[in-house]
Amino acid sequence: MKNTGIKISLFLIYFVFAALLNSVGILISQSIEVYGVSKPDAAVLEPFKDLSIAIMAFLVGSFLPRLGFKKAMLISLAVVFFACLGMYFGNTFWSVKLLFLTTGLSFAVVKVAVFALIGYITDSKKSHSSLMNLIETVFMIGIIFMYVVFPLFFDENDPNAWLRGYLLMASLIAIAFSIILFTKFNVATEPASGIIHDFKEMFKLFKKPLIWFFVAFAFLYVMTEQGIMTWLPTFNKDTLKLGAKLGSQMTVLLMVFITLGRFITGVIAKKIPWFYISTVCVILAMVLVLLVLPLAENVETVKINSLADLPMVSYLFPLIGLFLAPLYPLINSTILTSVEKEKHSSLAGILTFFSAVGGTVGSLLIGNLFDSFGGDKVFYLSLIPFAIMFILFFVINKLTATPSA
C-alpha cells in the first residue's frame, strides 16, 4: 500500500493527542477532588486547551510546510512527552494547566500537519475523503481509550495512583515518536519566503467566498458537537437521574457512535458523493432530536439494578453521534481538495482556529443555558445550527463545482 508508513504515523499521533485532549473532563474532576481547587478555577482548563489550539493554529498554518511536517510532529510529541512526565512528578494544579497548554499548542501543529499531509499522500478527492474519515475515526478511538482505560488507574486507597496513567501516555508518545522518526516522509518542503509573505498568502484565501462558508460550517459543527459532548454527562446525571458515575459512563455511547459513523463513512465515501451523505445525516440528526428529546421530560428517579432499568432516551440520544460523525471530515476533505495542495497547511490552520473557537463557544453556551431552558429542552437548540448547516451544504456543493470559488 502506498505511503503506508506515513498513514500509520498519522493514525498514531492522532490517537495520542485525542486521548490527551479529551482527558480535560477527568482532570477538572480530579483537580477539584485532589488539589482542592474551586469549580471556577478548574473551569479554566477548557480555555487553556482550546485557546492555545486556536492561537497556535493561526500562527503555524501558513509556514509549517517550510519547517517540515515530520519535524513539526516530532517536536510536538517531544513537548507533550515531557508534559506528561511533568504531570506525574509535579502533581500540582499548575502541572495540569501546563499539560493542557502544551497539549493545545502541540495539537494545533499536529492537526495542521496531518490535514496538509493527507493532500500529499492521496491521489483523488474520494481517497482524500476516505482517509480523512479513517483518521477522525482513530481520533474517536483515542477518546474512548481515555474514558475507558484512564479510570482504571484510580484507587481510593492511593490518591496519587491516577497519575500513573500519564506514565502510560508518555510510553505511548515515545512509541509514536520512534515510529515517526524512522518513517520516510517523501514530501518536499517549500523554500523559505518569509513569515510576512506566508501570512499574506494565508489571508488571500479569504478572498474566496467558499472559505467563508467553510469557516461558518466549521464553527457551527464543532460548537454543536462540543456542546453535546461536554454536557451530555450532566444531562444524563441531572435530567435522566442516572447519577454522576453512570451518567459519565453512558456518555461513552456517544463516542462509540461517532467512531462507528466515521468508520462507515470512510468506507462508503469512495462510492457515495459527500453531498448526499451530509444532507441525509443532518436531516436524520434533526429528526432524532425531535423524536427522542420528548422522552427526557419528567423522567422519574428509579433504582438502577440492570441496563434494562435505564430510561430509553439514555440509549437513543447518543445515536446522534452516528449522524454527526460524517459531517466534519467530509466537508473538511471537500474544501481542502478544492484548493492547491500548497495551500492545505494554511487552510488547515484556519479550520483549526475556528473549530477551537466554536468548541469553546458551544461548551459555554450550553453550560449557561442548561439551567435556564432545562436539561430536557436545551439540546433542542442544536436544531438551529443543524438547519444552517443543511443550507450551507447546498452552497458549498455549488461553489466546489465552480473552479473559481
Given side chains that start at C-beta, do those of [X] and [Y] come closer than 4.5 Å, heavy atoms only?
X      : Y      : value
Pro318 : Val252 : no
Glu297 : Lys377 : yes
Leu131 : Ser127 : no
Met73  : Leu117 : yes
Ser129 : Thr334 : no
Met87  : Met169 : no
Val357 : Leu51  : no
Ile144 : Thr259 : yes

Just verifying a value: how many Å separate [X] [atom1] and [Y] [atom2], rounded to the nearest 0.5 Å?
X      : Y      : atom1 : atom2 : answer
Ile268 : Ile277 : CD1   : CD1   : 4.0 Å
Ile173 : Ile13  : CD1   : CD1   : 9.5 Å
Tyr166 : Ser95  : OH    : OG    : 10.5 Å
Ile135 : Met140 : CD1   : CE    : 15.0 Å
Thr103 : Leu20  : OG1   : CG    : 5.0 Å
Ile335 : Leu351 : CD1   : CG    : 10.0 Å

How close do [X] and [Y] get, counting heavy atoms only, and between which atoms?
X      : Y      : answer
Leu74  : Phe177 : O-CE1, 3.4 Å
Lys125 : Ser333 : O-OG, 4.0 Å
Ala108 : Ala57  : CB-N, 3.6 Å
Val222 : Ser355 : CG1-O, 3.1 Å
Ala356 : Asp50  : CB-O, 3.4 Å
Ser52  : Gly104 : OG-CA, 3.2 Å

Next item on the list: In sequence, state the C-alpha distance, the side-chain angles, and the governing distance for Leu392 and Ile331, and then conclude on side-chain contact (heavy atoms from CB on, under 4.5 Å).
Entry: CA-CA 10 Å; Leu392 286 175; Ile331 304 302; over 6 Å; no
Atom [atom1] of residue position [X] - does it have more than 12 heavy atoms of other residues, nucleotides or ligands inside 6.0 Å?
X      : atom1 : result
Tyr380 : OH    : yes
Phe153 : CZ    : yes
Tyr35  : OH    : yes
Phe213 : CZ    : no

Would you say the ring centers of [X] and [Y] fall short of 6.0 Å from each other?
X      : Y      : result
Phe145 : Phe15  : yes
Phe394 : Phe275 : yes
Tyr14  : Phe139 : yes

Notebook entry, point to check: Are Phe69 and Phe115 close enough, and set up right, to give a ring pair (Phe, Tyr, Trp, His ring centres under 6.0 Å), and what steps lead you there?
Noted result: CA-CA 10 Å; Phe69 297 123; Phe115 277 30; over 10 Å; no
Next item on the list: Just jot down the side-chain contact (heavy atoms from CB on, under 4.5 Å) partners of Tyr221, sequence neighbours excluded, or say none.
Entry: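 By the side-chain contact (heavy atoms from CB on, under 4.5 Å) rule, Tyr221 matches Phe217, Glu225, Arg262, Leu324, Leu327, Tyr328, Met389.
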Check: Checking ring pair (Phe, Tyr, Trp, His ring centres under 6.0 Å) against Phe317, which of Phe257, Phe379, Phe323 comes through?
Finding: Phe379
Item checked: Lys49: salt bridge (charged side-chain N to carboxylate O under 4.0 Å, His left out) partners, not counting sequence neighbours ->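 Salt bridge (charged side-chain N to carboxylate O under 4.0 Å, His left out) list for Lys49, sorted by chain: Glu46.
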Check: How would you list, by chain and number, every residue that makes a side-chain hydrogen bond (donor to acceptor under 3.5 Å, both in side chains) with Asp158, sequence neighbours excluded?
Finding: Arg164
Note to self: Tell me whether the rings of Phe17 and Phe107 are parallel (<30°), tilted (30 to 60°) or perpendicular (>60°).
What the structure shows: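 If you compare the ring of Phe17 with that of Phe107, the planes turn out tilted.
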Next item on the list: Taking Lys70 for its side chain and Leu181 for its backbone only, find out whether a donor-acceptor pair lies under 3.5 Å.
Entry: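 Such a contact is found between Lys70 side chain and Leu181 backbone.
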Notebook entry, point to check: Any donor and acceptor pair, going by atom type alone, linking the side chain of Thr400 with main-chain N or O of Ile396 inside 3.5 Å?
Noted result: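 At least one qualifying donor-acceptor pair exists.
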Item checked: side-chain contact (heavy atoms from CB on, under 4.5 Å) between Phe82 and Leu98, intermediate numbers included -> CA-CA 10 Å; Phe82 287 109; Leu98 188 61; over 6 Å; no
Next item on the list: Could you check Leu168 against Val149 for side-chain contact (heavy atoms from CB on, under 4.5 Å), going step by step and ending with a plain yes or no?
Entry: CA-CA 10 Å; Leu168 171 64; Val149 174; 4.1 Å; yes
Item checked: Candidate pair Leu254 and Ile228, rule side-chain contact (heavy atoms from CB on, under 4.5 Å), full reasoning -> CA-CA 9 Å; Leu254 177 65; Ile228 294 173; 4.1 Å; yes
